[in-house]
Undergrad: 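Starting off with a structure, shown below.
Just the heavy atoms: all of them, side chains too, but no hydrogens, waters or symmetry mates, feed the values below. One-based numbering, in listed order, for ligands and for the atoms of each.
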Amino acid sequence: MKILVTYLTALLLACGCSTERRDGQLQENSTGTIQLIFKHHKVAGDPKYMNELLDRFEAENPQIKVEDQTLPASTDEQHQFYITNLEARAPDFDVFALDVIWPPEFAHAGGVSSSQDGAAEQQRGWLLDLTPYFSDVDFSEMIPGPVEADHFEGRPYAVPWYVDAGMLYYRKDLLEKYSLAPPTTFEELASAAKIVLEKENNPSLHGFIWQGRQYEGLVCVVLEYIWGNGGDVIDGTGRVAIADSAAVEALAFMRRLIEEKISPPLVTTADEEMTRHIYSSGRAVFMRNWPYAWSLMQAEGSSVRGKVGITVMPHFQGGESAATLGGWQLGVNRFSQHKDAAVKLVKFLTRRESQKFIALHTGLKPAWKDLYEDPELRAAQPFVAELLPVLMAARPRPVTPYYLMMSQILQAEFSAIITGIKSPKKGLNDARKQIEFLLGQ
Ligand code: GLC
């Protein structure tokens with residue numbers, strides 16, 4: 001049944017993406033104009049800014065037109081779409097946005113292929129090797145985590161577009177009201193949430209909300225607890241450490257958050273946007289989310305405008321704070337028929353001016369380190385200055401071409417634990433065995 005559902009989802013995704021057509025941009029390619037297709041998820045904020053950016057690109061490159069097509073927001077569904085299409089060597093999109101966890105898999109995918117004249121073409125993978133086009137770019141001026149993820153065997157296959165790291169949001173007004181400081185440990189967070197909930201005595205107020213649905217976001221969240229307790233999925237020696245006591249304790253704590261009603265059961269079905277909507281309507285004291293949510297909460301009409309603080313993820317007593325590295329990259333489909341034009345678009349969208357524009361208008365955070373000193377960005381989003389060290393220190397999920405398979409195992413077991421179907425020990429042991437099998441241990 002599960003296989004059938006996955007297959008049907010893949011079929012649907014293979015043909016059913018929505019198209020965000022930009023007015024007047026879809027004339028056929030009869031005058032030598034190159035029509036590029038750019039696929040990406042719905043980027044936070046008003047889509048008019050992405051359109052404005054693409055209009056600027058077209059003005060600078062009058063021979064190229066861009067049609068952008070949006071995919072569902074969930075990274076898992078997008079991944080399914082890309083593997084279905086790229087496996088079939090589909091040339092029908094040129095530039096696409098990649099989650100930071102995909103480049104190793106996509107650069108490594110497939111085998112030796114044949115070029116038109118029948119000669120063996122040694123290049124593997126689904127992404128165009130960008131080495132010849134990006135020799136003028138100094139990647140050391142960007143945040144290192146995504147740059148590393150985008151390089152495969154020392155060569156760039158994608159370029160960081162914006163960077164994410166898990167952050168803790170808190171209600172400044174409510175903490176001040178009860179003389180509580182922003183928590184630095186998970187234990188402090190739980191006790192502060194309990195105090196506010198008791199004193200406020202408001203049944204529609206939740207203590208702490210986070211992304212607990214069975215999907216990639218859950219892995220991002222859980223890792224912050226495991227790392228924050230000194231644990232890991234795979235340790236420095238290559239041993240699968242996911243069932244060690246540090247991880248068991250971390251997951252037991254997460255389950256207790258729900259049992260003790262600090263987190264409502266709805267977190268087990270929540271993703272980023274669901275938690276953001278609840279938080280923006282003033283119905284939670286704490287939230288874990290990516291940085292994009294902050295600008296949206298400061299927008300006109302938000303009922304928590306001016307009341308929200310943002311800080312680093314807590315850790316367990318004796319542990320260290322660890323934020324999961326997230327973010328999106330741009331790459332060129334190796335089967336595209338317009339590779340040079342596609343590279344131009346990637347260059348344009350990832351250059352400083354474009355990343356600054358996106359940061360100002362959507363709240364997504366740039367990959368260029370010096371933009372964190374930018375006076376205009378600092379004035380608009382004061383916490384940007386403190387964000388750079390957090391993004392620089394954010395921890396990547398295991399960087400391997402097999403990450404997605406590993407994540408599917410973790411998603412199922414983490415979900416079974418937080419919903420109380422399996423004990424932390426049992427779920428993590430089951431995850432350990434499957435990951436060992438995957439890695440041939
Ligand atoms: C955000 C992050 C991405 C992560 C996803 C999980 O989009 O940027 O890296 O995989 O959330 O939901």
Side-chain angles (χ1 to χ4, degrees), residues 39-45 50 70-83 96-106 142-150 158-169 209-225 227 233 267-277 279 287-296 313 322-331 350 355 358-359 362-367 387 390-391 393-400 403-412 414-415 418:
K39 291 241 184 234
H40 59 85
H41 51 287
K42 184 185 172 304
V43 172
M50 177 63 79
T70 49
L71 290 176
S74 137
T75 177
D76 309 67
E77 286 171 61
Q78 292 174 60
H79 181 261
Q80 190 66 50
F81 169 84
Y82 288 120
I83 56 169
F96 65 113
L98 296 97
D99 194 340
V100 68
I101 50 187
W102 305 342
E105 178 194 1
F106 284 22
M142 288 181 155
I143 292 172
V147 170
E148 270 163 40
D150 292 348
V159 184
W161 193 27
Y162 66 83
V163 189
D164 269 339
M167 307 288 304
L168 182 71
Y169 289 77
I209 53 173
W210 36 278
Q211 299 81 45
R213 179 157 80 76
Q214 185 178 331
Y215 79 125
E216 183 58 34
L218 173 62
V219 179
C220 299
V221 169
V222 175
L223 285 177
E224 289 164 350
Y225 290 73
W227 289 331
V233 181
V267 293
T268 62
T269 59
D271 62 9
E272 288 84 358
E273 280 296 86
M274 180 169 166
T275 45
R276 180 179 71 81
H277 285 299
Y279 204 77
M287 171 178 72
R288 184 271 178 207
N289 213 326
W290 308 105
Y292 82 97
W294 193 83
S295 307
L296 297 172
M313 280 308 294
T324 298
L325 174 74
W328 290 78
Q329 335 297 312
L330 294 180
T350 56
Q355 293 202 9
I358 290 176
T362 69
L364 296 169
K365 297 296 167 273
L387 211 54
V390 179
L391 294 171
R395 283 181 69 164
R397 286 158 271 175
V399 180
T400 144
Y403 173 73
L404 265 288
M405 286 188 245
M406 205 181 277
S407 168
Q408 302 248 304
I409 297 169
L410 294 173
Q411 290 175 25
F414 290 166
S415 172
I418 62 162

Undergrad: Any atoms of ligand 1 less than 4.0 Å from a non-hydrogen atom of G217? List them with their elements.
TA: 6 (C), 12 (O)

Undergrad: Applying a 4.0 Å heavy-atom criterion (strictly less than), which segment of R397 is in contact with ligand 1: side chain, backbone, both, or neither?
TA: side chain

Undergrad: Are any side-chain N or O atoms of E272 and backbone N or O atoms of A293, one a donor and one an acceptor, separated by less than 3.5 Å?
TA: no

Undergrad: Do any N or O atoms from the side chain of Y215 and from the backbone of T269 form a donor-acceptor pair under 3.5 angstrom?
TA: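 No.
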
Undergrad: Only counting residues at least two apart or in another chain, list the ones meeting side chain to side chain donor-acceptor pair (under 3.5 Å) with Q329.
TA: none

Undergrad: So, using side chain to side chain donor-acceptor pair (under 3.5 Å) as the criterion, who are the partners of R276 when residues are at least two apart?
TA: E273

Undergrad: Could you tell me whether G326 and ligand 1 have an N or O pair separated by under 3.5 Å?
TA: no

Undergrad: Looking at non-hydrogen atoms alone, which of Y292, Y162, W290 comes nearest to atom 1 (C) of ligand 1?
TA: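 It is W290 whose heavy atom sits nearest to atom 1 (C) of ligand 1.
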
Undergrad: With H41 as reference, evaluate F81, Y82, W328, Y292 under the ring pair (Phe, Tyr, Trp, His ring centres under 6.0 Å) test and give the passing residue.
TA: W328

Undergrad: Could you tell me the residue and atom name of the protein heavy atom closest to atom 7 (O) of ligand 1, and the distance to it rounded to 0.1 Å?
TA: W328 NE1, 3.0 Å

Undergrad: Under a 4.0 Å heavy-atom limit, does E272 contact ligand 1 with its side chain, its backbone, both, or neither?
TA: side chain

Undergrad: What protein heavy atom is closest to atom 9 (O) of ligand 1, reported as residue, atom name and distance in Å?
TA: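 Heavy-atom neighbour on the protein nearest atom 9 (O) of ligand 1: D99 OD1, 2.6 Å.
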
Undergrad: Applying side chain to side chain contact (heavy atoms under 4.5 Å, CB included) to V399 and E148, what does each step give before you reach the verdict?
TA: CA-CA 9 Å; V399 180; E148 270 163 40; over 6 Å; no

Undergrad: If you count the atoms of ligand 1 from 1 in the order shown, which ones are under 4.0 Å from a heavy atom of E216?
TA: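 Going through ligand 1 atom by atom, the ones under 4.0 Å from E216 are 10 (O).
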
Undergrad: Would you sort out whether H79 and E105 count as a side chain to side chain donor-acceptor pair (under 3.5 Å), showing the intermediate values?
TA: CA-CA 11 Å; H79 181 261; E105 178 194 1; 2.8 Å; yes

Undergrad: In the protein, what heavy atom is nearest to atom 2 (C) of ligand 1, and what distance, to one decimal place, separates them?
TA: D164 OD2, 3.3 Å

